Amino acid sequence: MASSLTKNASAKSKSFSTCTPASILRELHDSSEGFGFYAASPRLIRHVEYFIGGQDGNILVAKGGPQAKEFIIRGVFEISRNDFNFTPDANFNPSNVFHGRFSDVKLSCRLTAGRNDMFRFSSEDFPDVLDNIAHFEGLIPRERDYEKLSAVHVSLGQRSIRLIHGLFEAKNQDKYDTASDEDDDCSTDSLSSDFDIATWPVADRCKGHLQDLRSTHNVCPLPAYDTV
């Protein structure tokens, strides 16, 4: 799947690099290639359903397909400089007791509406994106007293989309005894040594904590694709 996504992303990258904002918007609206839906599309809730995957996790899937296919949305956003923790160690500070354990650290950042005049549609469509996300979250079954957590973050009256990614995953010893590393969701065998936990480039203050995790955890790099 990673290879397929890379090829698709590469194709999109080549077309985006020579396109105008108007043509990029047309590309975003075009879902014919199966590369996701534009996040601000009206009534997007009609195309999605909540899939309970058990141990593999629960995800949103495209409705109506012969098999469960992950539901992907796409858009043009600006990454906020505030609360930016998408660094190799998530800006973890061992001396801060509120940061908890390094093994539980989460990468996080916030997406906001684009402020570039060339991509004005991003700002104009952003409220619709947030509404669609709220509708998606409404599909998740919850107990009556369950605390609702949302990807829509509100600060000083401004709404944004909060992205969170777990950096480490504990190794399953039974799984390692009976299966190959290729079956591991966080396997980095196909990546360079830069993505191995032994060489993960954390700040000096985190290196001791990283060494403690080498035998018990895997690093889970987040795939990203350049469209410049």
Side-chain angles (χ1 to χ4, degrees), residues 1-51 58-87 107-140 149-165 221-228:
M1 176 173 287
S3 175
S4 175
L5 286 176
T6 302
K7 292 178 181 178
N8 285 334
S10 176
K12 295 291 181 181
S13 175
K14 292 178 180 178
S15 63
F16 280 5
S17 63
T18 58
C19 287
T20 65
S23 60
I24 289 177
L25 180 59
R26 288 195 297 270
E27 289 271 0
L28 290 171
H29 278 287
D30 182 13
S31 60
S32 60
E33 296 183 18
F35 199 63
F37 293 82
Y38 181 42
S41 298
R43 297 180 296 278
L44 201 53
I45 191 70
R46 298 186 304 178
H47 301 281
V48 65
E49 58 186 344
Y50 187 71
F51 178 77
N58 306 326
I59 62 172
L60 295 178
V61 298
K63 184 182 294 185
Q67 59 183 8
K69 181 179 180 182
E70 184 177 10
F71 187 78
I72 299 174
I73 58 175
R74 52 185 180 167
V76 175
F77 309 101
E78 182 171 318
I79 300 176
S80 174
R81 296 184 179 182
N82 298 325
D83 302 323
F84 183 83
N85 296 301
F86 254 79
T87 61
L107 309 184
S108 64
C109 71
R110 292 190 288 113
L111 303 181
T112 63
R115 292 181 292 179
N116 190 309
D117 286 341
M118 293 181 61
F119 294 92
R120 185 174 299 175
F121 70 84
S122 171
S123 178
E124 295 172 346
D125 291 351
F126 196 64
D128 294 327
V129 174
L130 298 177
D131 288 344
N132 276 331
I133 291 177
H135 291 153
F136 297 154
E137 292 177 341
L139 294 173
I140 303 173
L149 300 177
S150 176
V152 178
H153 179 77
V154 182
S155 177
L156 301 177
Q158 299 296 317
R159 296 192 299 171
S160 60
I161 303 169
R162 191 180 186 197
L163 301 183
I164 301 176
H165 174 72
L222 183 67
Y225 305 99
D226 189 2
T227 57
V228 176

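In this text the structure is predicted, and so the values were computed from the model without any measurement.
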Is a donor on one side and an acceptor on the other found under 3.5 Å between the side chain of Glu70 and the backbone of Ile59? no
Provide the closest heavy-atom pair for Ala39 versus Asn132 in the form atom of the first, atom of the second, distance. O-ND2, 2.7 Å
Just by distance, do the side chain of Thr20 and the backbone of Ser23 share a donor-acceptor pair under 3.5 Å? yes
Once you measure the plane-to-plane angle for Phe71 and Phe136, does it fall in the parallel (<30°), tilted (30-60°) or perpendicular (>60°) bin? perpendicular
Considering all heavy atoms of both residues, which atom of Gly114 and which atom of Ser122 are nearest to each other, and what is their separation? N-OG, 3.1 Å
Nearest atoms (heavy-atom pairs only) where Ser150 meets Glu137: OG-OE1, 2.8 Å
Nearest-0.5 Å distance that lies between atom CG in Leu107 and atom CZ in Phe86: 5.5 Å
Would you check if Phe119 and Leu25 make a side-chain contact, meaning some heavy-atom pair closer than 4.5 Å? no
Sub-4.5 Å side-chain heavy-atom contact between Ile79 and Leu111: yes
Only counting residues at least two apart or in another chain, list the ones meeting ring-ring contact (aromatic ring centres under 6.0 Å, His included) with His135. none
Please table the atom pairs, donor to acceptor, closer than 3.5 Å between any side-chain atom in residues 155-164 and protein atoms at least two apart or in another chain.
unit_1, atom_1, unit_2, atom_2, d
Ser160, OG, Arg110, NH1, 3.2

Would you say that Phe51 contacts Leu60 through its side chain, given a criterion of any heavy-atom pair below 4.5 Å between the two side chains? no
Side chain proximity check, Leu28 to Arg74, heavy atoms < 4.5 angstrom: yes
When rounded to the nearest 0.5 angstrom, what is the spacing between CG in Asp128 and CG in Leu130? 9.0 Å
N/O donor-acceptor pair under 3.5 Å between Thr112 side chain and Ser80 backbone: no
Minimum heavy-atom distance between Cys109 and Phe84, given as atom pair plus value: CB-CD1, 3.8 Å
